[in-house]
Participant: 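Handing you this structure, nothing more for now.
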Amino acid sequence: MIPNHIKDSSLAELGKNRIEWAERDMPVLRQIRERFSKEKPLDGINIAGCLHVTTETANLMRTLAAGGANVRLCASNPLSTQDDVAAALIHHYGISVFAINGEDNDTYYDHIESCLDFNPQITHDDGADLVATLHEKYPDDKAKNIWGSMEETTTGVIRLKSLAKNKKLIFPVFSINDAQTKHFFDNRYGTGQSTLDGIIRATNRLIAGSTVVVAGYGWCGRGFATRVKGHGARVIVTEIDPVKALEATMDGFEVMPMSEAAPLGDIFCTITGDINVIRPEHFELMKDGAIVANSGHFNVEIDAKGLEKMAKKINRNVRPMVDQYILPDGHSIFLLGEGRLINLSAAEGHPAAVMDMSFALQALTGEYVAKNKGDFTVDVHDVPAEIDKWVAKIKLETMGIEVDKLTEEQEKYLASWKIGT
Ligand code: ADE
């Protein structure tokens with residue numbers, strides 16, 4: 001019996017069909033899986049994943065298992081688990097899963113513990129909750145067992161860099177997020193599309209003609225802002241970074257502080273990585289019926305507790321994923337998905353075609369860690385540039401796109417530039 005804790009085994013067939021659907025758009029990962037099946041580079045290694053339990057993650061888990069690893073998976077967010085995928089992973093692919101959509105905080109952390117129970121040597125995280133648990137609870141035993149850990153997301157990398165800076169990091173970690181074939185694509189096109197998808201699925205509101213306020217103009221924010229503009233919205237960007245604010249301005253967006261944007265927006269979305277970006281003083285200024293959502297990793301960007309305190313009445317689930325807060329002056333604010341990341345709570349996360357690159361990086365960097373264990377300093381490392389390049393090259397090939405090669409003359413010309421000699 002494969003250790004597991006999931007919602008409903010009877011969903012396994014549906015999950016398998018959806019995993020195979022996603023796989024069609026993941027040709028780079030498929031190539032890696034085929035090679036892993038023959039070469040078994042992860043033979044006998046215990047690998048724990050704390051990732052969104054989606055069809056795309058299922059294909060990463062299959063790839064690691066094909067490489068010979070013993071794999072355990074738990075959720076990196078209580079609301080993003082696709083229960084049919086969890087069931088299929090156990091019943092069709094023999095992979096251990098501990099994840100239930102809507103699990104409470106204690107169950108969420110019990111599931112992380114279940115993944116750590118089998119003493120993994122390699123981990124894959126999205127948001128660094130697994131690595132944080134290893135550091136907080138097992139610094140002298142399980143953490144010492146880790147050869148290396150991969151981190152998927154901006155927020156997780158910020159947490160890990162802070163651990164490293166404070167000399168608290170115990171084992172080497174690799175920032176998948178900083179790889180070019182990750183953040184240029186997953187953050188921009190993946191978050192861009194899936195955030196819009198989540199807001200539309202939750203509300204069915206017309207975007208054309210709406211005023212959408214986007215808080216944060218990192219790769220995720222700019223992806224989302226561009227996509228809502230394409231749907232015909234008036235887009236306002238708020239920022240704290242002058243360079244990003246300038247970029248947003250020159251990309252054609254209106255830029256202003258949240259206090260000025262608050263009365264103008266019909267839909268608000270935070271994608272900053274910071275806390276309390278939208279606060280009571282902003283809710284007070286918003287229009288009746290304003291919709292507020294978050295697409296940052298943690299549910300800290302909107303001050304939902306502050307909103308709750310202000311409200312004279314709360315109607316939960318006026319439709320799935322939508323809570324209505326009626327303020328003392330009678331105007332309503334609609335909060336989506338309890339302020340949790342909307343692209344994975346109300347929609348299915350990034351499309352498979354973009355996760356193909358992110359998860360190819362995860363699989364190949366895991367293989368690199370297995371091959372070179374013990375050789376790394378305890379720090380936050382970049383993914384090796386060759387892996388990043390390879391993923392771009394193969395992705396292009398699978399899309400049938402060719403690029404030019406340097407001629408001999410061009411190579412010589414470029415090589416002849418010697419700066420400072
Ligand atoms: N993060 C964002 N989208 C995702 C997806 N589809 N699967 C796993 N992790 C994700």
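Each ligand, and each atom within it, is numbered from 1 in the order the structure gives. Only heavy atoms go into these numbers, but all of them, side chains included; no hydrogens, no water, no symmetry mates.
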Participant: Which side-chain N or O atoms in residues 69-76 pair as donor and acceptor under 3.5 Å with protein atoms at least two apart or in another chain?
Facilitator:
{"unit_1": "N70", "atom_1": "ND2", "unit_2": "N46", "atom_2": "OD1", "d": "2.8"}
{"unit_1": "R72", "atom_1": "NH1", "unit_2": "S114", "atom_2": "O", "d": "2.7"}
{"unit_1": "S76", "atom_1": "OG", "unit_2": "H52", "atom_2": "N", "d": "3.0"}
{"unit_1": "S76", "atom_1": "OG", "unit_2": "H52", "atom_2": "ND1", "d": "3.3"}

Participant: Tell me which pairs pass ring-ring contact (aromatic ring centres under 6.0 Å, His included) where either residue lies in residues 110-152, with sequence neighbours left out.
Facilitator: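 Residue pairs with at least one partner in residues 110-152: H5-H111, H135-F171.
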Participant: Regarding D84 and N17, do their side chains bring together a donor and an acceptor under 3.5 Å, going by distance alone?
Facilitator: no
Participant: Kindly tell me which protein residues have any non-hydrogen atom under 4.0 angstrom away from an atom of ligand 1, grouped by chain and ordered by number?
Facilitator: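 Only H52, T54, E56, T57, L344, E348, G349, H350, M355, F359 have heavy atoms that fall under 4.0 Å of ligand 1, ordered by chain and number.
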Participant: Does a side chain donor of either S10 or D8 reach within less than 3.5 Å of an acceptor in the other side chain?
Facilitator: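 Present: a donor and an acceptor within the cut-off.
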Participant: Is a donor on one side and an acceptor on the other found under 3.5 Å between the side chain of S37 and the backbone of A66?
Facilitator: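 No, because the side chain of S37 does not come within donor-acceptor range (under 3.5 Å) of the backbone of A66.
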Participant: For E254, what residues pass the side-chain contact (heavy atoms from CB on, under 4.5 Å) criterion, not counting sequence neighbours?
Facilitator: R234, I236, M256
